[in-house]
Amino acid sequence: MSKDRIYRDYDFSAVEAKWQRVWDETGAFSVREEPGKPKFYLLEMYPYPSGRIHMGHVRNYSIGDVIARFKMMRGANVLHPIGWDALGMPAENAAIKHGIHPQTWTLDNIAHMRSQLRRMGFAYDWSREVNTCLPEYYTWNQWIFLKLFERGQAFRRKSWVNWCPDCRTVLANEQAAGGVCWRCSSPVEQRRMDHWFLKITDYAEELLSGHGELGKWPEHVLLMQKNWIGRSEGAYVDFPVPALDGRSIRVFTTRIDTIYGATFVVLSPEHPFSQALVGPADAPKLQAWVAELRAGSRLRAGEAETAKEGLDTGKTAVNPFTGEAVPIWIANYVLMEYGTGAIMGVPAHDARDFEFATQYGLPIPEVVVPETPSPDRKEDELFEGLGRLVRSGPFTGLASAEAMDKMAAHAEERGFGEKAVTYRLRDWGISRQRYWGTPIPIIHCPDCGTVPVPYDDLPVRIPHEAEFTGEAGSPLEKIPGFVDVACPKCGGPARRETDTMDTFVDSSWYFFRYASPAEDKLPFAREAAAYWMPVDLYIGGVEHAILHLIYARFFTKVLRDFGLTDRGEPFPHYLAQGMVTKDGSAMSKSKGNVVDPDEMIRNFGADALRLFILFASPPEKEFAWNEKGIEGCSRFLGRVWTLFREIEDGLSPAGAASGAHDPAAFARLRKKLHQTIRKVGEDIEKRFHLNTAISAIMEFANVLRETKDALAASAEGRDLLRRAVETLVLALAPFTPHVAEEMWGRLGKERLVLRAAWPSFDPALAEEEKATIVVEVNGKVRDRFETGRDASENEIKAEALALPRIRQLLAGRDVRKVVCIKNKIVNIVV
RNA sequence: GCCCAGGUGGCGAAAUCGGCAUACGCACGACACUUAAAAUGUCGAGGCCGCAAGGCCGUGCGGGUUCGAAUCCCGCCCUGGGCACCA
């Protein structure tokens with residue numbers, strides 16, 4: 001039999017299945033609270049059960065799995081759970097299209113995806129699996145909702161909301177950012193309807209200040225949240241309107257210091273005063289304008305700003321600082337949904353007002369000048385910076401910052417204004433007009449009004465029998481058995497709320513549920529959460545920066561205020577994982593560039609797939625799929641296996657170790673061994689740079705292969721070889737757990753490799769005993785030499801100057817300066 | 001337009017604190033094994049000039065600081081992402 005046949009005996013399908021079975025049967029990843037043992041809660045964003053896992057999941061979960069297994073080997077009590085974000089529209093769309101019940105569709109998908117995840121060998125505690133579409137889970141959505149309702153933090157209001165015509169439901173602001181639906185990218189419309197909101201704005205300030213605790217989040221994610229929350233400090237000022245019997249237009253401004261330059265007031269077309277202020281001739285025009293704005297005025301990403309258009313009402317308002325009457329305009333550039341829906345126009349110091357005033361010939365008086373005026377600045381030029389006040393009555397001469405304080409105080413004293421902070425963040429609209437979501441536990445009674453479902457009546461179950469036609473309206477409305485109920489208060493006939501909750505409600509607290517998934521008195525057990533929370537490391541895609549990641553922070557604060565937890569922040573450490581792309585764009589069905597993980601597992605095995613997806617780029621960066629790459633990783637595992645078997649065979653004849661080994665090879669391998677343990681551990685734990693950790697393991701395997709033949713002859717050499725092989729297996733264990741278990745077993749170990757301790761290294765043995773000194777002349781590398789480590793600067797200088805090549809180069813030139821850095825470099829300047 | 005991240009061989013990438021640029025891998029080439037191919041193994045390889053020794057150039061572009069810059073500073077270009085009338 002030829003040599004390569006002997007060693008080509010690794011059947012990854014069989015081996016992987018075998019160890020998955022062992023882990024499963026022994027409940028290898030089930031954990032309990034163990035006070036006294038350091039805990040580590042590692043979480044990856046749970047998947048939506050769309051049918052099959054995709055490469056994004058494989059990447060996300062492979063990164064997490066390496067860290068989970070590494071932490072286990074380091075002795076931590078690791079909670080690493082998984083579950084299903086199982087409510088949502090695709091299930092309902094499948095029902096409309098293929099006539100499958102959403103529940104059947106969802107549960108089938110989960111069963112399939114669960115088996116896919118098992119085949120990847122991920123170290124999950126399956127006993128804690130959470131499934132949000134089961135009443136055992138969503139009843140707690142309802143419980144939390146009722147608590148919020150009691151506190152006035154869940155409320156119903158008729159308002160303009162974002163409507164996605166394609167999804168036929170309302171969207172929260174976060175889900176309609178840029179004027180398009182987050183799910184299907186259709187332009188959203190504005191509709192006026194009854195809608196349930198959660199009062200996230202109560203927490204606006206804390207969501208912002210909490211960023212102080214999120215030092216281990218990527219900067220840009222915090223920035224996105226900060227921009228989304230959009231805090232701005234300023235003041236309200238009232239401009240009385242004689243034509244409205246002295247009622248006032250309240251404006252919000254961040255630049256009250258420029259108010260002496262306010263030469264007009266602008267209302268949003270939707271402002272409540274707009275109707276009253278336009279003459280009968282212009283009234284229809286205004287109405288048409290409003291309708292147009294509502295149909296689709298929101299800018300879509302990439303589109304230019306719409307041209308400014310204004311309408312002079314002919315009425316005036318009084319600037320309370322100057323006492324002068326200024327014209328009131330209505331214009332399309334003023335948003336009703338921010339501030340008060342009205343602004344003061346200060347054209348000299350605001351680019352938008354400047355543009356508007358120029359267009360309509362309004363005066364542009366300058367009231368703030370730069371502290372250090374540049375010589376080429378013209379008087380009528382726009383100046384938006386802070387400066388010093390001119391032509392501002394008693395405030396003339398003040399610096400902007402000081403003027404803002406004094407002027408706001410002045411307005412407050414006189415009763416026509418006050419300091420104010422506004423936020424861009426809006427309350428979270430959670431009503432969805434769809435079937436496959438958590439029913440909002442409310443009953444509408446003609447006599448008692450809006451009545452909460454009593455806690456004892458929870459859960460309000462999603463009725464199984466429903467018709468999925470795709471027609472307008474929620475399927476729930478057409479189910480009499482669901483809609484018609486008795487009022488819990490008066491017992492009279494009443495109507496059940498048919499809106500269901502946004503599925504982002506589910507994901508806002510699922511990480512608490514994992515701590516005690518079977519708890520049936522509360523959403524989760526306080527003690528279990530106190531032990532496990534917070535999540536020590538959260539990993540997932542950055543597309544949720546202002547969606548899930550802000551809602552989850554909000555819910556955590558709410559649950560804290562309910563007294564269920566002490567934690568205010570759920571995820572002190574968030575690792576934003578990069579996208580998976582192929583041929584330059586994100587993998588998607590519509591692009592037709594999807595790579596199926598199942599096929600890769602079949603062809604190369606889960607270990608090779610895991611290794612490749614981690615090796616090709618660091619976690620936070622984009623990962624470009626490349627067919628050849630996985631072949632390379634598969635080959636590497638083949639080489640490791642061959643190497644392992646060769647050493648195993650070489651070590652087996654017991655009495656053969658009577659000769660001598662090569663001391664150079666011995667030193668080289670021993671040093672590499674200690675260096676590898678150090679590097680792999682640091683790369684995983686400190687930087688999450690799994691790609692460089694893997695390359696270090698590859699280097700180690702290469703050195704092992706190169707030195708093994710020179711070591712097998714002596715007992716000492718064989719000890720080192722054995723130690724090296726064990727280290728190789730331990731280092732691979734977090735990355736390629738199946739092949740590692742297989743080799744570990746063959747090394748005669750009785751416990752699983754995942755129970756083995758991460759190896760330790762000797763820092764002294766990891767140090768290079770020699771240093772290569774680079775010799776530069778005028779900054780150019782000319783020669784190099786080896787010397788003992790930590791040779792003094794004088795020693796290396798002398799040695800460098802004595803090198804024949806250097807002496808030749810320096811002949812006839814004056815040495816002006818010699819820079820020596822220990823263990824590194826000698827630079828000779830001539 | 002504003003904000004953020006990035007730009008290094010043919011490709012994915014590395015260089016962790018200002019000190020050998022291109023580790024590790026892919027693709028490529030030569031060789032060995034083979035009747036042959038595949039697989040596997042060994043060796044090579046930034047570009048240009050040169051038989052070679054060696055020299056010059058080189059981390060998007062231009063400048064600067066420094067004995068020394070992929071790394072720090074200034075300006076610009078390009079790519080990706082976010083926000084986009086937020087008063």
Side-chain angles (χ1 to χ4, degrees), chain A residues 2-4 7-8 177-179 218-224 226-228 230-232 234 251-255 258 266 298-308 331-335 337-346 349-353 355-356 422-424 542-543 545-546 578-579 581 584 612 615-618 620-633 635-636 638-639 642 679 682-683 686-687 689 691-699 701-702 705 772-781 784 816-821 823-830:
Chain A
S2 75
K3 187 179 154 188
D4 47 83
Y7 295 126
R8 210 94 51 71
E219 199 61 48
H220 69 283
V221 176
L222 294 179
L223 200 68
M224 278 163 74
K226 191 176 164 207
N227 291 339
W228 187 258
R231 181 184 201 273
S232 68
V251 303
F252 176 72
T253 176
T254 55
R255 290 299 304 275
T258 64
V266 197
R298 272 178 184 260
L299 286 175
R300 264 148 249 157
E303 269 181 27
E305 268 174 29
T306 37
K308 291 187 176 43
N332 62 347
Y333 77 97
V334 177
L335 307 172
E337 56 270 22
Y338 185 76
T340 60
I343 61 160
M344 62 183 200
V346 185
H349 305 292
D350 181 283
R352 297 150 302 180
D353 299 342
E355 190 192 331
F356 189 73
T422 60
Y423 298 90
R424 190 181 114 117
V542 77
E543 65 273 15
I546 54 167
M579 268 198 314
T581 63
F612 172 55
F615 176 60
S617 57
E620 68 276 9
K621 254 178 113 163
E622 175 184 307
F623 165 79
W625 182 265
N626 156 319
E627 191 68 28
K628 293 288 181 194
I630 190 168
E631 289 175 25
C633 285
R635 258 198 311 263
F636 168 72
R639 280 199 297 271
T642 304
K679 173 144 181 76
E682 283 178 1
D683 280 353
K686 295 193 182 149
R687 305 199 303 163
H689 278 205
N691 56 330
T692 53
I694 293 167
S695 71
I697 297 172
M698 288 174 168
E699 285 183 47
N702 290 344
R705 187 173 49 229
T772 302
I773 307 294
V774 174
V775 186
E776 294 181 347
V777 176
N778 285 347
K780 286 191 179 178
V781 180
R784 60 196 60 175
R816 293 219 321 257
K817 188 175 176 184
V818 181
V819 180
C820 299
I821 306 292
N823 296 329
K824 287 200 169 139
I825 205 161
V826 175
N827 190 7
I828 302 159
V829 186
V830 298

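Chain A is the first sequence line, chain B the second, and so forth, proteins listed ahead of strands; every chain is numbered from 1.
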Using heavy atoms to find the nearest nucleotide of RNA chain B for A:Trp228 and A:Val542 separately, return the residue whose nucleotide is more 5′.
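This one resolves to A:Val542.
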Closest nucleotide of RNA chain B for A:Asp683 versus for A:Gly779: which of these residues is on the 5' side?
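The residue closer to the strand's 5' end, by nearest nucleotide, is A:Asp683.
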Qualifying residues under salt bridge (charged side-chain N to carboxylate O under 4.0 Å, His left out), relative to [X], sequence neighbours excluded:
X: A:Glu699; answer: A:Lys672
X: A:Lys817; answer: none
X: A:Arg687; answer: A:Asp683

Rounded to whole Å, please give me the gap between [atom1] in [X] and [atom2] in [N].
X: A:His689; N: B:A13; atom1: NE2; atom2: C1'; answer: 12 Å
X: A:Phe615; N: B:A13; atom1: CZ; atom2: P; answer: 11 Å
X: A:Phe612; N: B:C24; atom1: CZ; atom2: P; answer: 18 Å
X: A:Lys686; N: B:C17; atom1: NZ; atom2: P; answer: 12 Å
X: A:Ile694; N: B:G12; atom1: CD1; atom2: C1'; answer: 13 Å
X: A:Asn227; N: B:C2; atom1: CG; atom2: P; answer: 15 Å
X: A:Glu543; N: B:C83; atom1: CD; atom2: P; answer: 13 Å
X: A:Met224; N: B:G82; atom1: CE; atom2: C1'; answer: 5 Å

Please list, chain by chain and in numerical order, all residues satisfying side-chain hydrogen bond (donor to acceptor under 3.5 Å, both in side chains) with [X], sequence neighbours excluded.
X: A:Glu682; result: none
X: A:Tyr338; result: A:Ser232, A:Thr422
X: A:Asn823; result: A:Asp790
X: A:Arg784; result: none

Output yes when at least one side-chain N/O atom of [X] is less than 4.0 Å from OP1 or OP2 of [N], else no.
X: A:Arg424; N: B:C83; result: no
X: A:Arg639; N: B:C24; result: no
X: A:Ser232; N: B:A87; result: yes
X: A:Arg687; N: B:A15; result: yes
X: A:Asn626; N: B:A27; result: no

Syn-anti status, with the boundary at 90° from 0, for the nucleotide B:C17
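Syn, since the glycosidic angle lies within 90° of 0.
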Torsion-based syn/anti label for B:G7, 90° from 0 as limit:
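Judged by the O4'-C1' to base torsion, B:G7 sits in anti, the angle falling more than 90° away from 0.
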Is [X] touching bases, backbone alone, or none of the nucleic acid, heavy atoms closer than 4.0 Å?
X: A:Asp353; value: nothing
X: A:Val334; value: base
X: A:Gly632; value: sugar-phosphate
X: A:Ala616; value: sugar-phosphate
X: A:Asn778; value: nothing
X: A:Glu622; value: sugar-phosphate
X: A:Pro618; value: sugar-phosphate
X: A:Ile821; value: base

Ring pair (Phe, Tyr, Trp, His ring centres under 6.0 Å) against A:Tyr333, all qualifying residues, sequence neighbours excluded
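A:Tyr333 satisfies ring pair (Phe, Tyr, Trp, His ring centres under 6.0 Å) with A:Phe356 once adjacent residues are dropped.
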Rounded [atom1] spacing from [N] to [M] in Å:
N: B:G60; M: B:A14; atom1: P; value: 15 Å
N: B:G7; M: B:A13; atom1: P; value: 10 Å
N: B:A38; M: B:C33; atom1: P; value: 15 Å
N: B:C74; M: B:C3; atom1: P; value: 14 Å
N: B:U65; M: B:C17; atom1: P; value: 25 Å
N: B:C57; M: B:A5; atom1: C1'; value: 30 Å
N: B:U35; M: B:C49; atom1: P; value: 42 Å
N: B:C11; M: B:C4; atom1: P; value: 29 Å

Side-chain donor/acceptor contact of A:Lys308 with base of B:C85 under 3.5 Å:
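Check passes, donor-acceptor contact within cut-off.
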Interface with RNA chain B, restricted to residues 823-830 of chain A and to heavy atoms under 4.0 Å:
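Here the set is A:Lys824, A:Ile825, A:Asn827, A:Val829.
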Find out whether A:Glu620 and A:His689 are in side-chain contact, i.e. whether some heavy atom of one side chain is under 4.5 Å from a heavy atom of the other.
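Yes. Closest side-chain heavy atoms under 4.5 Å.
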Can you check whether A:Ile825 reaches A:Ile773 side chain to side chain, under 4.5 Å on heavy atoms?
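Heavy-atom side-chain distance check fails, nothing below 4.5 Å.
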Starting from Watson-Crick (N1-N3 plus N6-O4 or O6-N4) and G-U wobble pairs under 3.5 Å, report the runs of at least three that RNA chain B belongs to.
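Looking at RNA chain B, the stems formed by three or more consecutive pairs are B:1-7 with B:77-83, B:10-12 with B:24-26, B:28-32 with B:40-44, B:46-49 with B:54-57, B:60-64 with B:72-76.
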Which atom of [X] lies closest to which atom of [Y], heavy atoms considered:
X: A:Ala331; Y: A:Val266; answer: CB-CG1, 3.4 Å
X: A:Trp228; Y: A:Ile546; answer: CE3-CD1, 3.5 Å
X: A:Val830; Y: A:Arg816; answer: O-NH1, 3.8 Å
X: A:Lys679; Y: A:Ala696; answer: CG-CB, 3.9 Å
X: A:Arg255; Y: A:Met344; answer: O-CE, 3.6 Å
X: A:Asp353; Y: A:Ile343; answer: OD1-CD1, 3.6 Å

I'd like a list of close polar pairs between nucleotides 7-9 of chain B and the protein, N/O only, cut-off under 3.5 Å.
none

Show me the protein contacts with nucleotides 57-66 of chain B, counting only N or O atoms at under 3.5 Å.
residue : atom : partner  : partner atom : Å
B:C57   : OP2  : A:Lys780 : NZ           : 2.9

From B:G19, B:A23, B:A87, pick the nucleotide closest to the side chain of A:Ser695?
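Out of B:G19, B:A23, B:A87, the nucleotide with an atom closest to A:Ser695's side chain is B:A23.
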Assert yes or no for the condition that the ring centre distance of A:Phe623 to A:Phe612 is strictly below 6.0 Å.
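Yes; A:Phe612 has its ring centre under 6.0 Å from that of A:Phe623.
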